Amino acid sequence: MRYAYYPGCSLKSSAYDYERSTRAICPELGVELEEIHDWNCCGATAIPSVDPTASAVLAARNLALAEATDVNGAEAVTVAAACSSCYAMLTRALNYYREDPAMRGLIGQALAAGGRTLAGTVKVKHLLEIIVNDVGLEAVKALVRKPLSGLKVAPYYGCLIVRPKGAFDDAEQPMALDRLLAVLGAQVVPFERKTKCCGGALMTTKEKSALRLNEDLLHEASSKGADVIAVVCPMCQMNLDAYQSNVNTAYGTHYRMPVMYFTQLMGLAFGLNERRLAVGKGTVSHAAVLKRMGV
Amino acid sequence: MEPNLQVLREGDLDHGFAGLVRSYPGAGKILGCIQCGTCTGSCQLAQDMDYTPRRIIEMVRAGLKDEVLSSKAIWYCASCYSCTVRCPKDIKVTEVMYALRALSLRRRRSRSVGLSPVFYSTFSRLVNTLGKMYEAGLIVLVALRSNPFRLVKLAPVGGRMFFQGKLGLLPKRVAGRAEIQKMLAKTAALQAEALEARRSPGGGGVIDAAGDAGAHDGARLHGRAIPGSLETGVLP
């Protein structure tokens with residue numbers, strides 16, 4: 001299975017641990033990632049706030065480049081995005097191109113001005129969707145050498161992997177990550193706030209509000225006895241992890257909750273070396289997780 | 001939230017406002033709003049807003065342009081899309097919020113609402129220039145353009161991330177920057193064309209299809225058929 005890989009800006013900087021663990025597990029799963037040549041920023045949720053139309057054009061350039069990616073002669077190219085925000089913004093552009101005639105015309109003309117064309121045949125999938133649906137949980141199970149037995153994991157989806165479309169899992173009560181973690185041998189805690197928001201970019205612009213949202217998440221995970229929160233998005237990871245001490249300061253709490261990418265937990269369960277997975281690169285130490293796993 | 005008991009007069013309303021908002025991508029269905037409040041009930045930030053999402057939609061339809069574009073509410077949206085997936089009338093409230101922010105920035109109505117306008121416009125300029133996000137640059141530029149003291153406040157988080165190797169100091173660039181500039185210039189030109197068509201007597205083109213303007217929208221609001229789901233338009 002070969003995909004046109006869209007890493008996005010975060011995976012090349014603040015979420016390099018996500019990219020490294022993704023790169024480590026994908027060969028095990030038979031997933032080949034061919035990075036899209038000269039991709040640009042998807043626009044995240046910031047550029048639509050400045051120019052909703054231009055942001056779709058920026059995202060669509062990546063789709064045009066993806067369609068030109070060599071995927072071993074497969075009939076349609078599928079983009080693999082690991083960042084939920086990239087996933088949502090590429091999907092947004094693709095849906096406007098496919099479903100809105102005026103937007104299709106504008107995006108087509110704007111791309112043409114830069115010498116690109118978009119057929120619109122490309123598909124966009126989140127890495128979690130690829131692992132759960134394309135690879136399949138049976139195949140994942142066969143790779144588990146060190147089950148995450150006894151590790152209590154809170155499965156946190158956040159927003160943009162399931163909304164606005166809910167294309168591969170339910171927008172309110174998704175189960176893909178729960179099922180994946182269970183296959184890895186983890187004890188999945190029922191996490192009611194699994195699709196609540198981490199605040200995203202509001203951590204910069206409306207910090208007080210964003211800290212409240214993160215306190216809600218940390219409180220539930222902590223009170224359910226979770227050893228770790230598993231995340232699928234760099235923004236969620238950064239807000240829950242790098243700002244956890246800000247939450248503690250603001251709320252007088254003492255959380256020390258590790259926040260790890262689901263790819264890191266998969267790699268650990270596959271018995272991969274923790275350095276290859278960039279485990280330990282959280283602001284909150286991962287030591288307690290490794291200890292519980294006996295690594 | 002303080003109750004707003006201001007008396008409105010016909011002359012205070014901008015009847016073209018709803019049409020303008022509806023010309024933005026994804027914002028076409030606002031006239032179908034039944035004011036059920038599902039958006040507000042789904043919003044984790046509603047408690048921090050000066051007007052709730054339900055109210056913002058109604059204010060747009062009523063033509064309270066200045067109030068909406070200078071509101072704090074539009075900058076509290078986290079783009080979580082909870083309202084969008086739950087709206088029984090299929091209104092893409094998140095996309096409406098994008099449109100309102102863009103209009104607010106364009107009309108410079110956003111000066112008094114804190115850091116958000118600076119953050120979003122700086123983010124956009126950086127990406128338009130480099131083709132990629134440059135996190136360290138964003139943090140520094142936003143601080144310099146708002147309050148340099150922020151750098152001191154952000155130092156602990158920045159330091160933690162830097163020592164984990166998570167804060168790249170140098171920007172990354174796209175090779176095809178010239179190509180991106182051409183695409184953005186063409187986008188701007190097409191938007192200007194659409195705006196011109198909208199302003200000219202009789203309107204026309206793309207925007208008209210989205211259901212243009214003023215009195216027209218008012219008439220619909222006062223009992224005539226509410227148009228369907230024409231979600232077109234690209235302005236301004």
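Quick note: numbers below take in every heavy atom, side chains included, and nothing from hydrogens, waters or symmetry partners. Since we're looking at a predicted model, the values are computed, not measured. Every chain is numbered from 1 and lettered A, B, ... according to where its sequence line falls, protein lines coming before strand lines.
- Here the CG-NZ distance, from A:N40 to B:K132, works out to 8.5 Å after rounding to the nearest 0.5 Å.
- Heavy atoms of A:V50 lying under 4.5 Å from chain B belong to its backbone as well as its side chain.
- Using a 4.5 Å cut-off between heavy atoms, B:S82 touches chain A through backbone and side chain atoms alike.
- Going from atom OH of B:Y120 over to atom CD1 of A:I47 covers 12.0 Å, rounded to the nearest 0.5 Å.
- In this structure, chain B has a heavy atom under 4.5 Å from the side chain of A:R212, while its backbone stays farther away.
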**OP:** Start with the C-alpha gap between B:R150 and A:T204, add the side-chain angles, then the distance that decides, and say whether side-chain contact (heavy atoms from CB on, under 4.5 Å) holds.
**Re:** CA-CA 10 Å; B:R150 279 186 60 79; A:T204 305; 3.9 Å; yes
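- Side-chain atoms of B:Y81 and A:C159, non-hydrogen and from C-beta on, never get closer than 4.5 Å to each other.
- For a residue to count as touching a neighbouring chain, one of its non-hydrogen atoms must lie under 4.5 Å from one of that chain's; by this rule B:E95 touches chain A with the side chain only.
- When side chains are defined from C-beta on, A:T205 does not count as touching B:W75, because their heavy atoms never get closer than 4.5 Å.
- Annotation: side chain of A:R61 is in contact with side chain of B:V174 (closest heavy-atom distance under 4.5 Å).
- The greatest number of non-hydrogen atom pairs below 4.5 Å with chain A, out of B:C80, B:G165, B:A78, is found for B:C80.
- The part of B:M161 that comes within reach of chain A is its side chain, from C-beta onward, which places non-hydrogen atoms under 4.5 angstrom from that chain.
- Taking OG1 from B:T187 and CG from A:L58, the interatomic distance works out to 8.0 Å, rounded to the nearest 0.5 Å.
- Within the 4.5 Å cutoff, no side-chain heavy atoms of B:K186 are placed close to those of A:L106.
- Counted by atom type alone, B:Q44 and A:D216 present zero donor-acceptor pairs between their side chains at under 3.5 Å.
- Contacts between A:E172 and chain B at a heavy-atom distance below 4.5 Å involve the side chain alone, from C-beta outward.
- In this structure, NZ on B:K166 lies 9.5 Å from NZ on A:K281, to the nearest 0.5 angstrom.
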Subject >> B:L190 and A:Q109: CA distance, side-chain angles, deciding distance, side-chain contact (heavy atoms from CB on, under 4.5 Å) verdict >> reply: CA-CA 9 Å; B:L190 291 168; A:Q109 288 182 66; 3.5 Å; yes
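- Judged by distance alone, the side chain of A:D38 and the main-chain N or O of B:G176 form a donor-acceptor pair under 3.5 Å.
- With a threshold of 4.5 angstrom between heavy atoms, B:Y76 approaches chain A through its backbone and through its side chain.
- Between A:K208 and B:D48 there is no salt bridge, since no side-chain N of the basic residue sits under 4.0 Å from a carboxylate O of the acidic one.
- No salt bridge links B:E135 with A:K12; every basic N to acidic carboxylate O contact stays at or beyond 4.0 Å.
- Both the backbone and the side chain of B:S116 come within contact range of chain A, judged by heavy atoms closer than 4.5 Å.
- Formation of a donor-acceptor pair under 3.5 Å by the B:Y98 side chain with backbone atoms of A:D51 is not found in this model.
- Expressed to the nearest 0.5 Å, how far CG of A:D17 lies from CD of B:Q164 amounts to 8.5 Å.
- Looking only at heavy-atom pairs under 4.5 Å with chain B, the residue among A:S14, A:A242, A:A210, A:C41 that has the most is A:S14.
- Neither the backbone nor the side chain of B:R177 comes within contact range of chain A; no heavy atoms are under 4.5 Å apart.
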**OP:** Evaluate the side-chain contact (heavy atoms from CB on, under 4.5 Å) criterion for residues B:R160 and A:D241: first the C-alpha distance (whole Å), next the side-chain angles of each, then the deciding distance (0.1 Å), finally the verdict.
**Re:** CA-CA 10 Å; B:R160 284 196 293 274; A:D241 180 60; over 6 Å; no
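- Using a 4.5 Å cut-off between heavy atoms, A:A171 touches chain B through its side chain atoms alone.
- Interface remark: B:L45 contributes backbone and side-chain atoms alike to the contact with chain A (heavy atom separation under 4.5 Å).
- Within the model, atoms CE of B:M133 and SG of A:C9 stand 6.5 Å from one another, a figure rounded to the nearest 0.5 Å.
- Side-chain atoms of B:T94 and A:R163 form no donor-acceptor pair, as typed in the model, at a separation below 3.5 Å.
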